[in-house]
Amino acid sequence: MPSANSDSSGNSGALDGGGRPSRYESQKRRDWNSFRQYLRNHRPPLELARCSGAHVLEFLRYLDQFGKTKVHAAGCPFFGHPHPPAPCPCPLRQAWGSLDALVGRLRAAFEEDGGQPEANPFAARAVRLYLREVRDSQAKARGIAYEKKKRKRPFPPLQGYNPQPPVPMAAAVPVIGYDQPESDLNLVSGGYQHHLHGHLMLPTVDASGDEAAAMAVAEAHSGGMIPLSVLN
């Protein structure tokens, strides 16, 4: 396809960091100039205002002679084979992906050149149907499935769900047992460890002592655990 250094529409397009047109804008400019050149070379010559979807289809079929994608015919032994083991005389065509991207760039360039969206020939229904037909036929001939990329959508929040802040855990009351060393026990004075069995021995509680402390001592002798809150 012929290319030119300047855009006939006068659009500078998006610029990159160095002040030059981006790769997409440069390619769109070349495609637009090639299409305008095709209209001028048409017999009879065509004006852009009179261009229709049928002329766009003629332009796309004209580009097939510059294609580089092997599309196997129905009678070819490699029809539907994604990796043919040998060459074949089937013709080269423009790949569907290239045509689809080209039509998108030309559709944008047409409106940037002053064309009305409702009169855009690249958005015609006939062009969309042609691209779909090329996609399906090439997928069968080449054994390649064209699948659209699915966009991941975030899950909507549940209605009526109001998360509550976590409730802080109450401070656990430390307990003591018989297998703890005496240094780890914060007890009242008078407690000691039995030298044979390792049991914790507590001083005797008289009748005037606290009734809760007496119950704790009874639990200690029966093999229970004594909370510190009872002893302090």
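This chain uses plain numbering: 1 for the first residue, then up along the sequence.
A side-chain donor from one of N41 and Q37 sits under 3.5 Å from a side-chain acceptor of the other.
Ionic pairing of E58 and R61 is not present here: no N-O contact between side-chain nitrogen and carboxylate oxygen is shorter than 4.0 angstrom. Comment: D113 engages R36 in a salt bridge, judged by a side-chain N to carboxylate O separation of less than 4.0 angstrom.
There is no path of hydrophobic side-chain contacts, each under 4.5 Å, that joins V71 to L57. When hydrophobic clusters are built by joining Ile, Leu, Val, Met, Phe, Trp and Tyr residues whose side-chain heavy atoms come closer than 4.5 Å, directly or via intermediates, Y62 is grouped together with L106.
Between Y38 atom OH and C51 atom SG the span is 9.0 Å, to the nearest 0.5 Å. Atom OG of S22 is separated from atom CD of Q27 by 11.0 Å, given to the nearest 0.5 angstrom. Separation of atoms CG (L99) and CZ (R135) is listed at 13.0 Å; rounding is to 0.5 Å. The distance from atom CG of L46 to atom OG of S52, rounded to the nearest 0.5 Å, is 8.5 Å. Atom CG of L129 and atom CZ of R125 lie 4.5 Å apart (nearest 0.5 Å).
Other residues, nucleotides and ligands contribute only 12 or fewer heavy atoms inside 6.0 Å of the CZ atom of R23. The environment of NZ in K140 is sparse: at most 12 heavy-atom neighbours from other residues, nucleotides or ligands sit within 6.0 Å. E133 CD: 12 or fewer foreign heavy atoms inside a 6.0 Å radius. Enclosure of atom CD in E47 is not indicated, since only 12 or fewer non-hydrogen atoms of other residues, nucleotides or ligands lie within 6.0 angstrom.
Between T69 and W96 the shortest side-chain heavy-atom distance does not fall below 4.5 Å. Inter-residue side-chain proximity for R40 and P45 is flagged as unmet; no heavy-atom pair is nearer than 4.5 Å.
Taking the six-membered ring where tryptophan is involved, the planes of F110 and W32 are perpendicular, since the angle between them exceeds 60° and thus also 30°.
Residues satisfying the side-chain hydrogen bond (donor to acceptor under 3.5 Å, both in side chains) test with R43, not counting sequence neighbours, are none.
Between V127 and G53, the closest heavy-atom pair is CG2-O, 4.0 Å. The minimum heavy-atom distance between L92 and G67, with the atom names listed, is CB-O, 3.4 Å. The heavy-atom pair separating A123 from R107 by the smallest distance is CB-CD, 3.8 Å. Considering all non-hydrogen atoms of both residues, E25 and P21 come closest at CB-CB, 4.3 Å. Of all heavy-atom pairs spanning H72 and C90, the tightest one is CA-SG, 3.6 Å.
No donor-acceptor distance shorter than 3.5 angstrom exists from the side chain of D31 to the backbone of L102, with no hydrogens or angles considered. Using modelled atom types, one side-chain atom of Q94 and one backbone atom of L63 make a donor-acceptor pair closer than 3.5 Å. The closest donor-acceptor contact from the side chain of S137 to the backbone of V134 lies under 3.5 Å. Side-chain N or O atoms of R93 include none that pairs as donor or acceptor with a backbone N or O of K68 at under 3.5 Å.
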Listed pairs under 3.5 Å, donor-acceptor, residues 76-89 side chains, sequence neighbours left out:
unit_1	atom_1	unit_2	atom_2	d
H81	ND1	H83	N	3.1
H81	ND1	H83	O	2.9

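Aromatic rings of F59 and F122 (six-membered ring for Trp) have centroids beyond the 6.0 Å cut-off, not under it.
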